[in-house]
Trainee: 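Take a look at the following structure, please.
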2 protein chains.
Amino acid sequence: MNLKELATKLGLSPTTVSRALNGYPEVNEETRTRVVAAAQRYNYAPNTRAIRLATGRALAVGHVLPLATRHEIVNPIFADFIAGAGETYSRQGYDMLLSVVNDEDESRTYRQLKSRGSVDGVIVHAPRMNDPRIAMLAEIGLPFVVHGRATGTTTPYSWLDVNNRRAFLRATEFLLDLGHRRIGFVNGLEFMDFAIRRRNGYLEALAARHIPPDATLMFSDEMTENAGYAAAQRMLALPDRPTAFLASSMISGMGVRRAVESAGLVLGRDISIIIHDDDLSYLPNGKEVPIFTATRSSVREAGRLTAEMLIDLINDTDPTPRERLLEADLIIGQSTGPVQKVS
Amino acid sequence: MNLKELATKLGLSPTTVSRALNGYPEVNEETRTRVVAAAQRYNYAPNTRAIRLATGRALAVGHVLPLATRHEIVNPIFADFIAGAGETYSRQGYDMLLSVVNDEDESRTYRQLKSRGSVDGVIVHAPRMNDPRIAMLAEIGLPFVVHGRATGTTTPYSWLDVNNRRAFLRATEFLLDLGHRRIGFVNGLEFMDFAIRRRNGYLEALAARHIPPDATLMFSDEMTENAGYAAAQRMLALPDRPTAFLASSMISGMGVRRAVESAGLVLGRDISIIIHDDDLSYLPNGKEVPIFTATRSSVREAGRLTAEMLIDLINDTDPTPRERLLEADLIIGQSTGPVQKVS
DNA sequence: AATCACTTCCAAACCGCTTTGGATGCCAGA
DNA sequence: TCTGGCATCCAAAGCGGTTTGGAAGTGATT
């Protein structure tokens with residue numbers, strides 16, 4: 001059932017039927033209800049392919065999921081972010097187009113999305129320092145919003161980010177206020193922008209209390225359980241071992257916890273841990289009472305908001321970049337406590 | 001730059017240019033190379049919207065990500081599956097369309113994907129027992145492949161699944177061969193089809209050795225770390241505690257391990273654990289040597305293969321359902337060992 | 001020389017919708 | 001009675017490709 005058929009069935013022109021269904025004013029209210037009823041009755045749904053061609057709009061947003069060809073990591077926060085963004089798209093009648101590409105094909109993919117007219121805009125994931133994608137997208141004129149930021153980028157661009165620096169600053173201060181002086185920092189890979197900012201927050205908090213950073217207490221790697229375990233184990237073996245840890249994710253935090261417990265230490269008493277909690281639904285941080293003290297910021301919510309920003313950007317004639325900085329919550333769980341006196 | 005412009009620039013008709021680019025035989029080889037060169041030079045890419053309208057094909061595959069409205073779980077294997085499927089789509093020139101919908105809107109979403117012509121087919125995720133989606137999709141005539149199976153479904157349908165029953169049968173036998181007799185089973189939610197099959201495998205192995213199942217050793221819940229921990233802790237507190245565990249995922253297995261270790265027991269010596277490893281890239285089971293003994297089956301590979309099946313189904317005129325059962329590997333790690341003699 | 005089969009190209013219809021630029025009829029106001 | 005404005009509808013031209021049904025030219029065959 002298409003527009004033309006429906007029109008003839010109603011004894012109207014396709015023009016009028018189209019206008020009736022799309023809420024244009026130049027159509028009698030009575031005919032409009034008739035048309036709407038008939039559309040319902042005949043189960044008519046306009047062909048999106050035709051709409052897209054006629055309007056010149058894709059009514060779709062692209063997400064490019066880059067797969068680092070070397071270590072082939074699929075970002076664990078991706079699913080939750082996508083779920084949030086998807087909620088926005090459903091609500092606004094947009095489609096979400098997902099492209100999975102190797103790093104080296106990423107630039108070509110963006111250009112194709114633009115030149116083939118597959119999408120009206122894209123969301124850029126996992127920005128790095130001096131990320132080349134930003135200048136490229138600005139150049140080809142494809143609207144985009146970055147989830148995160150890219151230190152070192154000079155061209156203005158739209159982004160939504162969590163205040164990672166401030167979150168880790170506060171977490172570090174919290175530990176310092178509990179009397180901890182040696183704080184192990186288990187960070188993610190530091191070519192990622194968020195990891196750099198987190199380190200800066202950590203260092204800033206130490207500096208404010210005139211505590212010199214100790215390279216042996218700073219670690220950076222993939223955020224896996226094993227990596228967290230290995231890092232914490234190494235630090236715990238130091239002669240002057242840390243009394244607290246800061247971990248960049250739930251998963252690496254679980255590794256740190258394992259190292260702590262297998263060293264015969266009790267979490268929250270002998271050793272404190274603060275993690276960053278992306279509030280992933282399959283990695284809940286306890287039910288009512290949080291297990292880990294954490295800086296929390298929902299990635300799913302970030303997905304919702306980033307998608308909204310992009311759609312605004314697409315529909316607004318004003319292309320001024322939009323920026324939004326979310327603050328993480330600091331939630332107190334059972335994994336932190338005052339430093340133990342050395343006996 | 002569009003077809004018509006390119007054609008005038010070349011002094012040819014749009015027909016010929018289109019044919020030249022699409023490899024039709026009725027065009028001189030010399031002109032074809034000229035056309036291809038010009039397309040390259042002017043950076044011409046055909047407008048997908050127009051192609052889709054003209055051909056009546058969407059050149060896209062839909063993935064509907066249902067969000068259980070109550071517990072709002074985003075499946076952790078989703079990202080890896082999508083990454084695998086995406087590889088296939090890129091290779092075959094298909095787009096991937098992702099819809100995130102509430103459970104109750106799912107049926108409507110499929111119907112819309114069909115009637116609006118947004119996709120040529122869909123992949124069905126996370127099938128349950130007697131899943132109603134299968135009959136519905138068959139009825140509306142939208143090609144689909146199920147990732148997993150749906151026990152109780154009578155209409156034939158295409159699917160790709162891991163042999164979950166056999167995997168857990170083998171895992172249980174492996175533990176039995178090591179002398180274990182009391183094996184705790186930490187399963188996923190048992191309205192999910194894969195969880196039912198896993199339980200069947202477990203029970204079958206026990207039955208083959210004439211070991212009666214013990215309800216206190218069987219647990220079913222979300223596959224989170226905390227749930228795994230809680231289940232294992234409870235079982236370990238039993239007067240006749242288990243000497244081995246079977247866990248349905250890496251994450252719940254980590255919870256089981258924590259319970260074991262915090263009970264002061266040594267993994268692989270006092271207690272054995274076998275998990276099911278979906279080979280998610282952000283949850284690696286060790287590097288060279290696997291940490292956990294596991295039944296392993298790559299979800300990413302499953303994504304690749306499922307997508308291939310669907311594209312075959314779409315392009316083949318023969319609509320006979322295709323079926324494919326993958327076998328999981330049993331890989332031996334450090335988490336299993338012979339049962340300890342009760343001293 | 002006429003016929004035929006190929007090769008190579010093109011004009012035009014078509015996919016299903018939106019949107020522009022009227023056309024028609026009716027009523028109020030001059 | 002005529003004019004202008006308004007409400008309501010429609011024909012037709014698009015969007016940018018694909019595809020059908022020739023047409024023109026060439027060379028071989030009769």
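Proteins get letters first, then strands, A, B, ... in listed order; numbering begins at 1 in each.
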Trainee: Determine: side-chain N/O of B:Tyr24 to OP1/OP2 of D:dT18, distance under 4.0 Å, yes or no.
Mentor: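 It does not, given that no N or O in the side chain of B:Tyr24 lies less than 4.0 Å from OP1 or OP2 of D:dT18.
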
Trainee: I need the CZ-P distance between A:Arg57 and C:dC17, as an integer number of Å.
Mentor: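 Whole-Å distance recorded here is 17 Å.
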
Trainee: Of the options B:Phe194, B:Phe144, B:Phe81, which is the one that meets B:His125 in a ring pair (Phe, Tyr, Trp, His ring centres under 6.0 Å)?
Mentor: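 Passing option: B:Phe81.
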
Trainee: With a 4.0 Å cutoff (strictly under), does any side-chain N or O of A:Thr16 reach OP1 or OP2 of D:dC9?
Mentor: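 No, because none of the side-chain N or O atoms of A:Thr16 sits under 4.0 Å from OP1 or OP2 of D:dC9.
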
Trainee: Are A:Glu5 and A:Tyr44 close enough that some pair of their side-chain heavy atoms sits under 4.5 Å apart?
Mentor: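 With C-beta onward as the side chain, the pair stays apart.
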
Trainee: Rounded to whole Å, please give me the gap between CD in A:Glu26 and C1' in C:dT18.
Mentor: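 Value for this atom pair: 12 Å.
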
Trainee: Does the side chain of A:Thr31 get closer than 4.0 angstrom to OP1 or OP2 of D:dC9 through an N or O atom?
Mentor: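 Yes, within the criterion.
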
Trainee: Just how far, in rounded Å, is C1' of D:dC10 from CG of A:Asn28?
Mentor: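 The distance from CG of A:Asn28 to C1' of D:dC10 comes to 15 Å, rounded to the nearest Å.
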
Trainee: Can you confirm whether B:Arg324 is buried at CZ, in the sense that more than 12 heavy atoms of other residues, nucleotides or ligands lie under 6.0 Å from that atom?
Mentor: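 Incorrect, the count does not exceed 12.
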
Trainee: Report yes or no: do B:Tyr94 and B:Arg57 form a side-chain donor-acceptor pair below 3.5 Å?
Mentor: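 B:Arg57 and B:Tyr94 do have a side-chain donor-acceptor pair below 3.5 Å.
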
Trainee: Nearest whole angstrom, please: distance from the P of D:dA7 to the CG of A:Leu12.
Mentor: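 Those two atoms, CG and P, are 19 Å apart.
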
Trainee: Starting at CG of A:Leu53 and ending at P of C:dC14, how long is that distance when rounded to a whole Å?
Mentor: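 One finds 17 Å between P of C:dC14 and CG of A:Leu53, rounded.
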
Trainee: Are OP1 or OP2 of C:dC17 and a side-chain N or O of A:Tyr44 less than 4.0 angstrom apart?
Mentor: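 For C:dC17, OP1 or OP2 has a side-chain N or O of A:Tyr44 closer than 4.0 Å.
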
Trainee: Over all strands shown, is B:Gly11 touching base, sugar-phosphate only, or nothing at heavy-atom distances under 4.0 angstrom?
Mentor: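 Sugar-phosphate: the residue B:Gly11, judged by heavy atoms under 4.0 Å, touches backbone atoms but no base.
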
Trainee: So, is B:Ser18 close to the D:dT18 phosphate, meaning a side-chain N or O under 4.0 Å from OP1 or OP2?
Mentor: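 Looking at the OP1 and OP2 atoms of D:dT18, one of them is under 4.0 Å from a side-chain N or O of B:Ser18.
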
Trainee: What integer distance in Å separates A:Leu6:CG from C:dG16:P?
Mentor: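 Between P of C:dG16 and CG of A:Leu6: 14 Å.
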
Trainee: Would you indicate whether the side-chain heavy atoms of B:His147 and B:Ile77 approach each other to under 4.5 Å?
Mentor: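 The answer is yes, as the side chains (C-beta and beyond) meet within the 4.5 Å cut-off.
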
Trainee: Pick the closest DNA chain C nucleotide for B:Arg19 and for A:Ala50 by heavy atoms, then say which residue is nearer the 5' end.
Mentor: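 The 5'-side residue here is B:Arg19.
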
Trainee: May I ask you to verify if any side-chain N or O of A:Thr15 is less than 4.0 angstrom from the OP1 or OP2 atom of D:dC10?
Mentor: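 For A:Thr15, the contact criterion (side-chain N or O under 4.0 Å from OP1 or OP2 of D:dC10) is not met.
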
Trainee: Side-chain N or O of A:Asn47 versus OP1/OP2 of C:dC15: is the shortest distance under 4.0 Å?
Mentor: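 Answer is no, no contact under 4.0 Å.
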
Trainee: Measure from NZ on A:Lys4 to P on C:dC15 and round the result to the nearest Å.
Mentor: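 Rounded to whole Å, this separation is 6 Å.
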
Trainee: Starting from P on D:dT18, measure out to CG on B:Leu59 and report it in whole angstrom.
Mentor: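 Nearest whole value for this atom pair: 11 Å.
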
Trainee: With a cut-off of less than 4.0 Å, is there a side-chain N or O of A:Asn2 near OP1 or OP2 of C:dC15?
Mentor: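 So the side chain of A:Asn2 is outside the cut-off, no N or O lying under 4.0 Å from OP1 or OP2 of C:dC15.
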
